[in-house]
Amino acid sequence: MTALSALIRRDIRIALRVGGGALIGVLFFLTVVVLMPFAVGPDLALLSRLGPAILWLGALLASLLTLDRLFMADHEDGSLDLITMSRTPLELACAAKALAHWLAAGLPLIVATPVLGLLLNLDMVATSAVALTLLAGTPALTFTGMIGAGLAVTLHRGGLLMAVLVLPLSIPVLIFGVAASQAAIVGPMTFGAPFSILCALSLVSLVVGPFAAAASLRHGLD
């Protein structure tokens, strides 16, 4: 547990450094949300209707933008070989790195959601609902994307391959995240059903993601 906590702290410090990737995701999320009202126009009713989908789409793309650095930096400086050969199971190390990535890159998106919701004409109830669904769903984006990052770490131009692999797996999270947000805001669907499925997707990715990523890393590094 000491080694895993040290790995989490190290990855968070690296991600929060200038060029570490976490700031890039937040700035991209901010850019998408700020530009969208200019594209939609002055129709406030339409903007509030599209608000949850815009926030979720921005969070999804911002997560993809930073996932390629999940293992790439460690591979470039040789740390990934040390992590693979250490006594700590590689599956636990992958889970720790994904948790650190979510804390550094995913959690700031959730914190920024209430403020950015004002730009989309969303009230406090609506922004709280979107933030809650992002809190439940963004771990699924991170742990699912970790599989693609593990496959692409040793490949030339692996970022494009990672996007092709991860996007189809992220679509169910996007669908149920937006559905839960819309249900909490306008109905008529109940909030509990899509939100429960969203939580289930995160739990499944939490279990499957580290094992699949570890297998991908072992195959790529052999």
Could you check whether any side-chain heavy atom of [X] comes within less than 4.5 Å of a side-chain heavy atom of [Y], counting everything from C-beta outward?
| X | Y | value |
| --- | --- | --- |
| L217 | C94 | yes |
| R218 | L90 | yes |
| W56 | T133 | yes |
| L116 | L120 | no |
| L141 | L67 | no |
| P52 | I185 | yes |
| T113 | F29 | yes |
| L92 | L4 | yes |

In terms of hydrophobic clusters joined by side-chain contacts under 4.5 Å, are [X] and [Y] together?
| X | Y | value |
| --- | --- | --- |
| V178 | L135 | yes |
| L174 | L169 | no |
| V207 | F176 | no |
| L44 | L35 | no |
| V26 | I24 | yes |

Atom [atom1] in [X], atom [atom2] in [Y]: separation rounded to 0.5 Å?
| X | Y | atom1 | atom2 | answer |
| --- | --- | --- | --- | --- |
| L119 | L30 | CG | CG | 8.0 Å |
| W102 | S202 | CH2 | OG | 9.5 Å |
| L60 | L55 | CG | CG | 12.5 Å |
| H101 | L70 | NE2 | CG | 6.0 Å |
| L50 | L57 | CG | CG | 11.0 Å |
| T127 | L134 | OG1 | CG | 11.0 Å |

**Asked** Which atom pair, heavy atoms only, marks the closest approach of P210 to M146?
**Response**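 What the structure gives for the nearest pair is N-CE, 3.5 Å.
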**Heavy-atom neighbours of F211 CZ exceed 12 at 6.0 Å** =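 Incorrect, the count does not exceed 12.
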**Request:** Kindly indicate, with the supporting measurements, whether the criterion side-chain contact (heavy atoms from CB on, under 4.5 Å) is fulfilled by T88 and L7.
**Result:** CA-CA 11 Å; T88 303; L7 181 61; over 6 Å; no
**Prompt:** For F28, which residues count as a ring pair (Phe, Tyr, Trp, His ring centres under 6.0 Å) partner, sequence neighbours excluded?
**Reply:**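 Applying ring pair (Phe, Tyr, Trp, His ring centres under 6.0 Å) to F28 gives none.
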**Prompt:** How far apart are the C-alpha atoms of R10 and I14, what are their side-chain angles, what is the distance that settles it, and do they pass the side-chain contact (heavy atoms from CB on, under 4.5 Å) test?
**Reply:** CA-CA 6 Å; R10 167 186 173 272; I14 293 175; 3.8 Å; yes
**Full working for side-chain contact (heavy atoms from CB on, under 4.5 Å) between T138 and L109** = CA-CA 9 Å; T138 48; L109 304 181; 5.5 Å; no
**Asked** Checking side-chain contact (heavy atoms from CB on, under 4.5 Å) for the pair L165/L151: CA distance, chi angles, key distance, verdict?
**Response** CA-CA 9 Å; L165 292 173; L151 287 171; 3.5 Å; yes
**Asked** So, Q182 side chain and R49 main chain: donor-acceptor pair closer than 3.5 Å or not?
**Response**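 Here the side-chain-to-backbone pair exists.
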